[in-house]
Amino acid sequence: MMNKDNNINNNEDMDENFEGATPESIDEEIHSQTLEGQKRKPQHLIINKETGKVVNAETGEEVQSIDIVTEDGMLGSVSSSGRIVLCGANAYEEKYYYNPLFKRVPESIQKELRIICVLYTQNAGGVFTIEFEEDGTITMETNADEEDITYDEVSAGLLIGEIRRQRQDLFKALETYYKVIVLHHDISELLSEDETDDED
C-alpha cells in the first residue's frame, strides 16, 4: 500500500499550490530553484532488491517517487518502480500533479488527463497515477493509505479497466508521443505498426 506521504503530496509544483500563476511561470520557478543551487537537501536512498522498495537512509521512511532533473533542466518525477510519472491525483490532499517534462503535450489532452485523474480519485479515493513504462506503454496505478477503510481495491481496479477501454485512443496517442519524443523511435514505423494492428 502507498503511504499518503508520497510524491503527489510533497511535490512543490502542485498546480493547486500556485494560485494565479501560469504553468510557464511555475515551471520557470521550479527549474531556476533547482538549477541555481537552491536545491533540496540530498537524500541517501536504499533500494531493497527483494521488495523493490526505496527507503530514505536517514529517516527510514519509504520513498514513493524521486524527483529528477534532465540535462535540459526539466524537472520530472520517477515512481519508485522506475516508471516516468505523467500525472496523478491524491484524494487525501485533493491535489493534482502533472509532470512538467510533458508540458508540450497539447493543452486539450492535458485537461483530459486532469479530468480522468480527478474524477477517478473522487469515485474510488486513494492515490491514482498514469505512468509510462520503459518501452513507452501507459500504465495506471492506484493505491491507498493502509488506514483508509473506505477504499475498495476491487472497485478501483475495475474503474481502471473502464478508463482504459474508454480512453484507448488517448493512451495510444500518448504512447506514440512518448516513443517518438522521448525514445526517438521512427514515427513512420510506429504508424505502419498501427495500420497492421488495425487490419488484424
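A quick note: this is a predicted structure, and the numbers were derived from the prediction, not measured. Only heavy atoms go into these numbers, but all of them, side chains included; no hydrogens, no water, no symmetry mates.
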Discussion item. When you measure from the side chain of Asn90 to the backbone of Lys95, do you find a donor-acceptor pair of N or O atoms at a distance under 3.5 Å?
Written reply: no
Discussion item. Would you say the ring centers of Phe132 and Phe102 fall short of 6.0 Å from each other?
Written reply: yes
Worksheet item: Who passes side chain to side chain contact (heavy atoms under 4.5 Å, CB included) against Gln110, sequence neighbours left out?
Response: Tyr98, Val105
Worksheet, complete the sentence: Rounding to 0.5 Å, atoms CD1 (Ile109) and CG (Leu86) come to a distance of 10.0 Å
Discussion item. Less than 4.5 Å apart, side chain to side chain, heavy atoms only: is that true for Tyr178 and Thr137?
Written reply: no
Discussion item. Rounded at 0.5 Å granularity, tell me how far CD1 in Ile130 sits from CG in Asn99.
Written reply: 12.5 Å
Worksheet entry | Residues Tyr92 and Asp148: side-chain donor-acceptor under 3.5 angstrom | yes
Practice prompt. Could you pull out the closest heavy-atom pair between Ile138 and Glu175, with the gap in Å?
Written response: N-OE2, 2.9 Å
Discussion item. If you define the side chain from C-beta out and look only at heavy atoms, does anything of Leu113 sit under 4.5 Å from Leu170?
Written reply: yes
Discussion item. Tell me whether Glu133 at atom CD has more than 12 heavy atoms from other residues, nucleotides or ligands lying less than 6.0 Å away.
Written reply: yes
Let me check something: any side-chain donor-acceptor pairs from residues 118-126 under 3.5 Å, sequence neighbours excluded? List them with distances.
from, atom 1, to, atom 2, distance (Å)
Tyr120, OH, Thr142, OG1, 3.2
Tyr120, OH, Ala156, O, 2.9
Thr121, OG1, Cys117, O, 3.3
Thr121, OG1, Val118, O, 3.0
Asn123, ND2, Leu119, O, 3.1

Worksheet item: Mind checking whether Ile163 and Met140 have side chains closer than 4.5 Å, heavy atoms only?
Response: yes
Discussion item. For Asp135 versus Lys179, what's the shortest heavy-atom pair and its separation?
Written reply: O-CE, 3.3 Å
Worksheet item: Would Leu183 end up clustered with Leu101 when hydrophobic side chains under 4.5 Å apart are linked, directly or stepwise?
Response: yes
Worksheet item: To the nearest 0.5 Å, what is the distance between CD1 (Ile116) and CD1 (Ile160)?
Response: 11.5 Å
Worksheet item: Does anything in residues 155-166 pair up under side chain to side chain donor-acceptor pair (under 3.5 Å), and if so which pairs, sequence neighbours excluded?
Response: Asp152-Ser155, Glu162-Gln166
Practice prompt. Answer whether the closest heavy-atom distance between the side chains of Cys87 and Tyr96 falls below 4.5 Å.
Written response: yes
Discussion item. Do Val182 and Phe171 sit in one hydrophobic cluster, given that two such residues count as connected whenever their side-chain heavy atoms are within less than 4.5 Å of each other, even indirectly?
Written reply: yes
Worksheet entry | Side-chain heavy atoms of Glu141 within contact of Glu131, under 4.5 Å | yes
